[in-house]
There are 2 protein chains.
Amino acid sequence: MDEVFKALADGSRRSLLDRLHARNGQTLNELCDGLAMTRQAVTKHLAILEAANLVATIKHGREKLHYLNPVPIHQIGERWIRKFERGKLAALSELKRQLEKRDA
Amino acid sequence: MDEVFKALADGSRRSLLDRLHARNGQTLNELCDGLAMTRQAVTKHLAILEAANLVATIKHGREKLHYLNPVPIHQIGERWIRKFERGKLAALSELKRQLEKRDA
DNA sequence: TTGACATGCAACCATTTGGTTGCATATAAT
DNA sequence: ATTATATGCAACCAAATGGTTGCATGTCAA
């Protein structure tokens with residue numbers, strides 16, 4: 001779980017996921033296209049995403065195809081985000097109450 | 001949004017949010033309790049959480065009370081996680097298809 | 001008012017991170 | 001066979017990160 005959060009912390013990596021979400025199965029060179037980064041930098045980002053199980057790759061001849069795995073993202077939604085959504089309104093109203101108490 | 005992802009990337013910070021979720025409105029010293037970290041380290045983490053708008057604080061006399069703000073977490077769920085949940089099954093079946101093609 | 005307690009501020013440090021360059025290797029095309 | 005293309009590997013670098021220690025300040029209590 002920690003690896004996934006760490007992987008998602010970087011904007012470049014999130015945009016790589018976005019690109020794969022838009023078109024799955026892209027090669028490394030395709031993913032580099034238009035980015036202000038060297039190929040090797042992208043390789044490193046993809047390696048981190050792969051270690052976090054967010055992308056899976058298969059080699060097809062001399063090219064490496066990258067596929068998005070949305071499961072860890074879903075798990076973060078289920079196991080983490082949702083926890084904070086329950087009782088959200090209660091927390092907000094308490095915060096509001098406390099902030100108002102300050103001005104009193 | 002980037003600030004929120006960065007803030008959530010650290011396990012210590014996530015556990016601070018957990019603690020506030022369990023009991024809202026704790027002081028700095030209370031939040032330090034039982035952590036293998038100096039008070040100043042916790043202060044820094046809380047500052048990052050505050051900058052990301054994940055916690056709000058009010059000073060009450062000589063103590064500072066910390067309140068969880070679940071809105072940014074919710075937004076990440078809405079604006080980011082959900083996007084990858086749509087079409088999840090399609091992506092998975094495509095991945096499976098590709099992996100099987102490799103073995104053929 | 002004097003001391004204790006809660007927090008703030010700043011300098012410093014080691015490690016991690018995000019990026020680079022240079023070269024090596026493997027596969028496809030001529 | 002030779003050349004071009006796609007990727008891999010490793011060393012290096014600056015900046016950010018997560019943590020520390022030491023001291024200052026503000027507030028409550030005796």
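Within every chain, numbering begins at 1; the chains are lettered A, B, ... in the order of the sequence lines, protein sequences first and strands thereafter.
- Between the P atom of D:dG8 and the CG atom of A:Leu31 lies a distance of 12 Å, rounded to the nearest Å.
- Between B:Lys64 and C:dG8, a side-chain N or O to OP1/OP2 separation shorter than 4.0 Å is present.
- Rounding to whole angstrom units, NZ of residue B:Lys6 and P of C:dG18 are separated by 8 Å.
- For the pair A:Leu46 CG and D:dA6 C1', the interatomic distance rounds to 14 Å; values are reported in whole Å.
- For A:Glu50, the side chain to side chain donor-acceptor pair (under 3.5 Å) partners two or more places apart in sequence, or in a different chain, are A:Thr57.
- Remark: C1' of D:dG19 and CD1 of B:Ile48 are 11 Å apart, rounded to the nearest angstrom.
- Counting heavy atoms from C-beta outward, A:His45 and A:Met37 have side chains that approach closer than 4.5 Å.
- Between B:Gln26 atom CD and C:dT7 atom P there is a gap of 11 Å when expressed in whole angstrom units.
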Return a single string for nucleotides 25-30 of chain C, one symbol per nucleotide in 5' to 3' order, where B is base contact, S is sugar-phosphate-only contact and - is none, cutoff 4.0 angstrom on heavy atoms. --BS--

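- Looking at residues two or more places apart in sequence or on another chain, you find a side chain to side chain contact (heavy atoms under 4.5 Å, CB included) between B:Thr38 and B:Gln40, B:Ala41.
- For residues 7-16 of chain A, the set of pairs meeting the salt bridge (Lys or Arg N to Asp or Glu O under 4.0 Å) definition, not counting sequence neighbours, comprises A:Arg14-B:Asp2.
- From B:Leu20, atom CG reaches atom CG of B:Leu31 across 5.0 Å, with rounding to the nearest 0.5 Å.
- The backbone N or O of A:Asn53 lies less than 3.5 Å from a partner atom in the side chain of A:Asn69, making a donor-acceptor pair.
- The side chain to side chain donor-acceptor pair (under 3.5 Å) test applied to B:Arg23 returns B:Gln26, not counting sequence neighbours.
- Qualifying side chain to side chain contact (heavy atoms under 4.5 Å, CB included) partners for A:Arg39, counting only residues two or more places apart in sequence or in other chains: A:Leu28, A:Asn29, A:Cys32, A:Thr43.
- At the phosphate of C:dT7, OP1 or OP2 sits under 4.0 Å from a side-chain N or O atom of B:Asn29.
- Looking at which nucleotide of DNA chain D each of B:Arg13 and A:His66 is closest to, the 5′-most match is held by A:His66.
- C:dG18 atom P lies 5 Å from atom CG of A:Asp10, rounded to whole Å.
- Note on the helix from C:dT1-D:dA30 to C:dT30-D:dA1: terminal axis deviation equals 20°, with five pairs used at each end and the result rounded to 10°.
- A heavy-atom distance below 4.5 Å is found between the side chains of A:Val42 and A:Leu16.
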N/O contacts under 3.5 Å, protein versus nucleotides 20-24 of chain D?
from: D:dT20; atom 1: OP2; to: B:Thr38; atom 2: N; distance (Å): 2.9
from: D:dT20; atom 1: OP2; to: B:Thr38; atom 2: OG1; distance (Å): 2.4
from: D:dG22; atom 1: O6; to: B:Gln40; atom 2: NE2; distance (Å): 3.2

Determine whether B:His21 and A:Phe84 satisfy the following criterion, ring-ring contact (aromatic ring centres under 6.0 Å, His included), listing intermediate values before the conclusion. CA-CA 7 Å; B:His21 184 249; A:Phe84 288 92; 4.9 Å; yes

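- Between B:Glu30 atom CD and C:dA6 atom P there is a gap of 10 Å when expressed in whole angstrom units.
- Side chains of A:Val4 and A:Ile73 form no contact here, defined as non-hydrogen atoms less than 4.5 Å apart.
- Across the protein-nucleic acid pair, A:Leu28 atom CG and D:dT5 atom C1' stand 12 Å apart, rounded to whole Å.
- For B:His45, whose side chain is taken as the heavy atoms from C-beta onward, the closest listed nucleotide among C:dG18, C:dG8, D:dG19 is D:dG19.
- Contacts of A:Glu3 classified as side chain to side chain contact (heavy atoms under 4.5 Å, CB included), with partners at least two apart in sequence or in another chain: A:Ala51, A:Ala52.
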